[in-house]
Q: 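First the structure, which I've put down as structure tokens, then a few questions once you've had a look.
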Amino acid sequence: MSAMLAVLLLAGTASAFGGCTKEKSSGKAESAQSGSESGTDAEPSTQKNPDADSDPVSYISNGAILQAFSWDFNTIRECMPDIAAAGYTAVQTSPVNACLAGEGGGMELYGDGKWYYHYQPTDFKIGNYQLGTRDEFKAMCDEAHKYGVKVLVDVIANHTTPQLDAVSQDLIDAGGGSFETLFHENNKKDIRDYSDRLQCTTAKMGGLPDINTERPSFQKYFFDFINDCIDCGADGFRYDTAKHIGLPDDPKEDDGFENNFWSELKKQTKDYDKKFIYGEVLQGGNDRIDEYIEAIGRTTASIYGSKIRSALIYNMLDTAAVKNYWIGDDSPSIVTWVESHDNYINDGTWRELSKEKVQLGWAVITARKDGTPLFFARPYNSLEGVDESWGMNRIGAQGDDMYKSKIVTAVNHFRTAMVGEDETLVNPNNDSTALIIERGKKGAVIVNSENELTVDFEINLPDGEYTDRVDGAATYTVKDGKLSASKAIPENTVVVLYNEGYTQAAPMADTGVPEDTVFKTDSDSLTVTLTLENADKGTYSVDGAAAVEYKDGDTVTLKKPADGEVVKVELRAENSEGVPTYERVEFTFENRYQVSKGTKIYFEKPAGWADDVCIYIYNKDDDENEYWPGEAMAKEADGKYSYTFTDDWDTPLVIFNDGKEEGAMQYPAGGEKGLTVEANKTYSVE
């Protein structure tokens, strides 16, 4: 599902339309508490948990996973002090395999570049232009382990990029020497019925070519990649589109191979039993999730995520609505989430859930005993609303600061302090807009979604005084099994109460820019305000230049670079205990131009193209391209065509194609961004 948009949204991908007819295409971080000591930059202290090395699977599952969505390896490494201080036991990278370099290697999450090219493998070797090199991956793993943080890698075995000319010869050879042997025979068809297991596991999903994962030579090649990740320091894996890889008793093509990918995974993965491994199995329609749990060890819990989101949207935290995991016998062998990258992007979670609501949901799933919660780091400075879903819109930089907010940090540390404690879910005073997650008699998390909640209800905590571990100030009293406080709990608030297992730590320094910062401009300069909390001073560096000291509210004026469009600003600071914080912000200086109605351009048709040449015009700022294959070009002479613009355009790009239903040709090639427009220019394939 991560790559379903790959073909539907791929600008310039040839579509099955004849001729040139129009068809519609498709709060600030603060770590004031910790279950362990945070380290310094020079000699970080690892978390004092014996499971970290002796039982890494339990260590990860008893904690929380940060999905570092589209962060590069160097950014994750630099952010490791913050990740550890926020209480995560593991960080999950985006796919590390070689992948399609669309739009000429553009680095926007969506626009001049695409996040989902991660999920379009061209080879199974570590390193790609979006995340970094193998050496940088290893250095990131080494740094994570210094801080007691495990590393999970998102991997794709099911499919390749649809841009077949980008697939490496090594991968083709491993798949039998040709595309016909690399892919399933059924790959010639698209999945039409997801409940048909043969279609689901062998046909093409969303236009993505389906690898024959049962071929032994491919398995060896792929598991060599997995073991190389382990040699570099990986502690586990998420298998993308896992339900599209067959189980042992699934129907099978008549190719002489067995449905044994998952059993071979266990045999060929180094120290499999010590690796945290789970599969993405989106529920609905013969998904066989119980069998996938047995085959892999863990799966995602997509229905539970949707139930949590609905509960947050409608402020209905009734225990009956949030307790059931919706997986068979409610197996704890699941990874839970409030939102994933698929929900955020494909389902439009950013429209539905404010950051406040996401944190409330995180408190619910993370305070619970079972499941392993995964926190999706939204894009940096993404705001609620359709136009702001991508925020800074850069691949490589860290996500929004919500991943280390006071609420998220407090609940993460609560979870690791409550290992082994049973859970009880209660609606205080039968108020279904609020929920208490009690863990034995040791701790409790109160989630209040709507209206003020008067604090006068029963609770399992021992009598005594408690400080809210979120704000570090509000006090609560338990007497004779009843909780009281001087003030009501406001709406959209989380309260975390526990004493045993809590360790005070200095708040982490917090660097950044204001939420309303502009990250893209067509001016020659841009003045940016820098923010700083929990530190007397910080430093900034522009494009690797010498560091300059700054204080909260200082500004820096950035100049349009002479040899590019992007300026990178790195921010650093240390808290009172010397623990470092890192943040990277990037600013795009656009080269904009106008094309007026009546502008005429020409194209020389290559030999082998059909005669009905079309031009596809789009603006790179649009979130969705409108029409493919575009408008018919006028034939000027044999092999030469022209087009006259009928509207004014702001910075348009063009793709020429012959609009054939089968084997359509285009220039530039699929996956590449369009050409800029120059009046009266004649374009030809180079």
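Treat the numbers as computed from the prediction; the structure is a model and nothing was measured.
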Q: By the definition ring-ring contact (aromatic ring centres under 6.0 Å, His included), identify the one residue from Trp115, Tyr344, Trp390 that meets it with Tyr110.
A: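 With Tyr110 as partner, ring-ring contact (aromatic ring centres under 6.0 Å, His included) holds for just one option, Trp390.
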Q: Starting from the C-alpha separation in whole Å, work towards a yes-or-no answer on salt bridge (charged side-chain N to carboxylate O under 4.0 Å, His left out) for Glu339 and Arg309.
A: CA-CA 8 Å; Glu339 58 184 354; Arg309 291 192 297 277; over 6 Å; no
Q: Has Asn657 got a side-chain atom pairing as donor or acceptor with Gln666's backbone, closer than 3.5 angstrom?
A: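 Absent.
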Q: Are any non-hydrogen side-chain atoms of Phe218 and Leu171 less than 4.5 angstrom apart?
A: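 Phe218 vs Leu171: side chains touch.
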Q: Is a donor on one side and an acceptor on the other found under 3.5 Å between the side chain of Gln67 and the backbone of Ser340?
A: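 Not at all, since once roles are kept as given, no pair shorter than 3.5 Å links the two residues.
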Q: Return each pair, listed once, that meets salt bridge (Lys or Arg N to Asp or Glu O under 4.0 Å) where at least one residue sits in residues 165-177; pairs must be two or more places apart or across chains.
A: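 Counting only pairs at least two positions apart or across chains, the salt bridge (Lys or Arg N to Asp or Glu O under 4.0 Å) contacts touching residues 165-177 are Lys125-Asp170.
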Q: Once you round to the nearest 0.5 Å, how far does CG of Leu182 lie from OG1 of Thr213?
A: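 Nearest 0.5 Å value for the CG-OG1 distance: 10.5 Å.
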Q: The test is ring-ring contact (aromatic ring centres under 6.0 Å, His included); show your working for Phe222 and Phe124 and say whether it passes.
A: CA-CA 6 Å; Phe222 181 80; Phe124 292 107; 5.1 Å; yes
Q: Under 4.5 Å between any side-chain heavy atoms of Val338 and Leu353, yes or no?
A: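 Contact flag for Val338/Leu353 side chains = yes.
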Q: Got a sec, which pairs hit salt bridge (Lys or Arg N to Asp or Glu O under 4.0 Å) with one end in residues 220-229, sequence neighbours left out?
A: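 Qualifying pairs, neighbours excluded: Arg134-Asp228, Lys220-Asp224.
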Q: Can you check whether Val155 reaches Ile226 side chain to side chain, under 4.5 Å on heavy atoms?
A: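 They are in contact (side-chain heavy atoms under 4.5 Å apart), so the answer is yes.
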Q: For a quick test of reading the model, state the closest non-hydrogen atom pair linking Cys141 to Ala234 and the distance between them.
A: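 Heavy-atom minimum between the residues: SG-N, 4.1 Å.
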Q: Within a 6.0 Å radius of atom NZ on Lys188, are there more than 12 heavy atoms belonging to other residues, nucleotides or ligands?
A: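 Atom NZ in Lys188 is not crowded, with 12 or fewer foreign heavy atoms closer than 6.0 Å.
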Q: Does any non-hydrogen side-chain atom of Thr676 lie less than 4.5 Å from one of Leu653?
A: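 Yes. Closest side-chain heavy atoms under 4.5 Å.
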Q: Identify the heavy atoms of Ile277 and Tyr272 that sit nearest to each other, and give their distance.
A: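 Minimum heavy-atom contact is CD1-CE1, 3.2 Å.
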Q: Could you tell me whether the side chain of Asn186 and the main chain of Thr202 form a donor-acceptor pair under 3.5 Å?
A: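 Not confirmed, Asn186 side chain does not pair with Thr202 backbone.
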Q: What residue among Glu253, Lys252, Glu214, Arg215 forms side chain to side chain donor-acceptor pair (under 3.5 Å) with His184?
A: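 When side chain to side chain donor-acceptor pair (under 3.5 Å) is applied between His184 and each of Glu253, Lys252, Glu214, Arg215, only Glu214 qualifies.
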Q: Using the ring of each side chain (for Trp, its six-membered ring), is Tyr616 parallel, tilted or perpendicular to Trp628, with breaks at 30° and 60°?
A: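 Plane angle over 60°, so perpendicular.
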Q: What distance separates Glu280 CD from Ser302 OG, expressed to the nearest 0.5 Å?
A: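 The CD atom of Glu280 sits 8.5 Å away from the OG atom of Ser302.
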Q: Tell me if a side-chain donor or acceptor on Thr75 pairs with a main-chain N or O of Gly396 at a distance below 3.5 Å.
A: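 It does hold such a pair.
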Q: Given the ring of Tyr602, does Lys640 sit roughly above its face, with NZ or CZ under 6.0 Å from the centre of the six-membered ring and within 45° of the axis?
A: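 Lys640 over Tyr602 ring: yes.
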Q: Would you indicate whether Lys189, at its atom NZ, is surrounded by more than 12 heavy atoms from other residues, nucleotides or ligands within a distance under 6.0 Å?
A: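 12 or below, so no.
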Q: Asn158: what forms a side chain to side chain contact (heavy atoms under 4.5 Å, CB included) with it, not counting sequence neighbours?
A: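 Scan of Asn158 (side chain to side chain contact (heavy atoms under 4.5 Å, CB included), adjacent residues dropped) gives Asp210, Thr241, His244, Ile245.
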Q: Is atom CD of Glu185 surrounded by more than 12 heavy atoms (other residues, nucleotides or ligands) closer than 6.0 Å?
A: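 Counting neighbours around CD of Glu185, 12 or fewer heavy atoms of other residues, nucleotides or ligands fall under 6.0 Å, so no.
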Q: Walk me through it: do Tyr119 and Leu208 pass the test side-chain contact (heavy atoms from CB on, under 4.5 Å)?
A: CA-CA 10 Å; Tyr119 293 90; Leu208 297 167; over 6 Å; no
Q: Does the distance from a Lys or Arg side-chain N to an Asp or Glu carboxylate O, for Asp250 and Arg197, drop under 4.0 Å?
A: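 Result for this pair is yes, salt bridge flagged.
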Q: Look up atom CD in Glu586 and atom OH in Tyr380, then write down how far apart they are to the nearest 0.5 Å.
A: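 The CD atom of Glu586 sits 11.5 Å away from the OH atom of Tyr380.
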Q: Trp609 and Tyr641: aromatic ring centres closer than 6.0 Å?
A: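 Distance test on ring centres: not under 6.0 Å, no.
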Q: Could you check whether any side-chain N or O of Asp123 sits under 3.5 Å from a backbone N or O of Ala98, counting only pairs where one atom can act as donor and the other as acceptor?
A: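 No.
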Q: Taking the side chain as C-beta and beyond, is there a heavy-atom pair between Phe237 and Ile296 under 4.5 Å?
A: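 Side-chain contact under 4.5 Å: no.
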Q: Please name the pair of heavy atoms, one in Pro209 and one in Leu164, separated by the smallest distance, quoted to 0.1 Å.
A: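 Reported closest heavy-atom pair: CG-CD2, 4.0 Å.
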Q: Inspect the surroundings of NZ in Lys274 and state if more than 12 heavy atoms from other residues, nucleotides or ligands are less than 6.0 Å away.
A: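 It does not: Lys274 NZ has 12 such atoms or fewer within range.
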Q: Between the main-chain N or O of Leu100 and the side-chain N or O of Thr122, is there a donor-acceptor pair closer than 3.5 Å?
A: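 No; judged by distance alone, with no hydrogens or angles, the pair does not exist.
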Q: Between Ser333 (side chain only) and Arg298 (backbone N and O only), is there a donor and an acceptor less than 3.5 Å apart?
A: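 Not confirmed, Ser333 side chain does not pair with Arg298 backbone.
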Q: Are Val96 and Phe73 close enough that some pair of their side-chain heavy atoms sits under 4.5 Å apart?
A: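 They are in contact (side-chain heavy atoms under 4.5 Å apart), so the answer is yes.
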Q: How far apart are the C-alpha atoms of Arg238 and Leu374, what are their side-chain angles, what is the distance that settles it, and do they pass the side-chain contact (heavy atoms from CB on, under 4.5 Å) test?
A: CA-CA 11 Å; Arg238 170 199 183 264; Leu374 177 139; 5.9 Å; no
Q: Please check this pair: side chain of Gln283 against backbone of Ile289, looking for a donor-acceptor N/O pair closer than 3.5 Å.
A: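 Here the side-chain-to-backbone pair does not exist.
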Q: If you define the side chain from C-beta out and look only at heavy atoms, does anything of Glu108 sit under 4.5 Å from Arg394?
A: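 Yes - at least one pair of side-chain heavy atoms lies under 4.5 Å apart.
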Q: Return the minimal non-hydrogen interatomic distance between Gly233 and Val151, and the atom names on each side.
A: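 It is O-CB, 4.3 Å.
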Q: Report the C-alpha separation of Asp658 and Lys605 in whole Å, then their side-chain angles, then the decisive distance to 0.1 Å, and conclude whether the salt bridge (charged side-chain N to carboxylate O under 4.0 Å, His left out) test is met.
A: CA-CA 9 Å; Asp658 64 3; Lys605 177 178 75 69; over 6 Å; no
Q: Does one side chain, of Glu136 or Asn74, offer a donor that lies under 3.5 Å from an acceptor on the other?
A: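 There is such a pair (donor and acceptor under 3.5 Å, judged by atom type) between the side chains of Glu136 and Asn74.
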Q: Would you say the rings of Phe376 and Trp337 are close, in the sense that their centroids are separated by under 6.0 Å?
A: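 For Trp337 and Phe376, the ring centres are not under 6.0 Å apart.
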Q: How about Asp249: does its CG atom have over 12 heavy atoms from other parts shown lying under 6.0 Å from it?
A: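 Buried by this count: over 12 neighbours within 6.0 Å.
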Q: How far does CG of Asn97 sit from CD1 of Ile126, to the nearest 0.5 angstrom?
A: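 It comes to 10.0 Å.
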Q: Do Cys99 and Thr161 pass the side-chain contact (heavy atoms from CB on, under 4.5 Å) test, and can you show the C-alpha distance, the side-chain angles, and the key distance before you say yes or no?
A: CA-CA 8 Å; Cys99 64; Thr161 176; over 6 Å; no
Q: Identify the heavy atoms of Ala295 and Leu247 that sit nearest to each other, and give their distance.
A: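 Closest approach of Ala295 to Leu247, heavy atoms only: CB-CD2, 3.8 Å.
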Q: Give the ring-plane orientation class for Phe656 versus Phe603, where under 30° counts as parallel, over 60° as perpendicular and anything between as tilted.
A: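 If you compare the ring of Phe656 with that of Phe603, the planes turn out parallel.
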Q: Stepwise, does the side-chain contact (heavy atoms from CB on, under 4.5 Å) test hold for Tyr618 with Ile655?
A: CA-CA 9 Å; Tyr618 70 101; Ile655 298 172; 3.9 Å; yes
Q: Is there a side-chain contact between Ile334 and Trp326, using heavy atoms and a 4.5 Å cut-off?
A: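 The answer is no, as the side chains (C-beta and beyond) never meet within the 4.5 Å cut-off.
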Q: Side chain of Asp154, backbone of Gln92: donor and acceptor closer than 3.5 Å?
A: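 No, Asp154 side chain to Gln92 backbone: no donor-acceptor pair under 3.5 Å.
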Q: Does the Tyr325 side chain pair with the main chain of Asp370, one donor and one acceptor, at a distance under 3.5 Å?
A: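 It does hold such a pair.
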Q: Restricting to non-hydrogen atoms, name the atom on Ser70 and the atom on His118 that form the minimum distance, rounded to 0.1 Å.
A: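 Reported closest heavy-atom pair: OG-NE2, 3.1 Å.
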Q: Among Trp71, Phe69, Trp362, which residue satisfies the ring-ring contact (aromatic ring centres under 6.0 Å, His included) criterion with Tyr403?
A: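 Checked Trp71, Phe69, Trp362 against Tyr403; only one passes ring-ring contact (aromatic ring centres under 6.0 Å, His included): Trp71.
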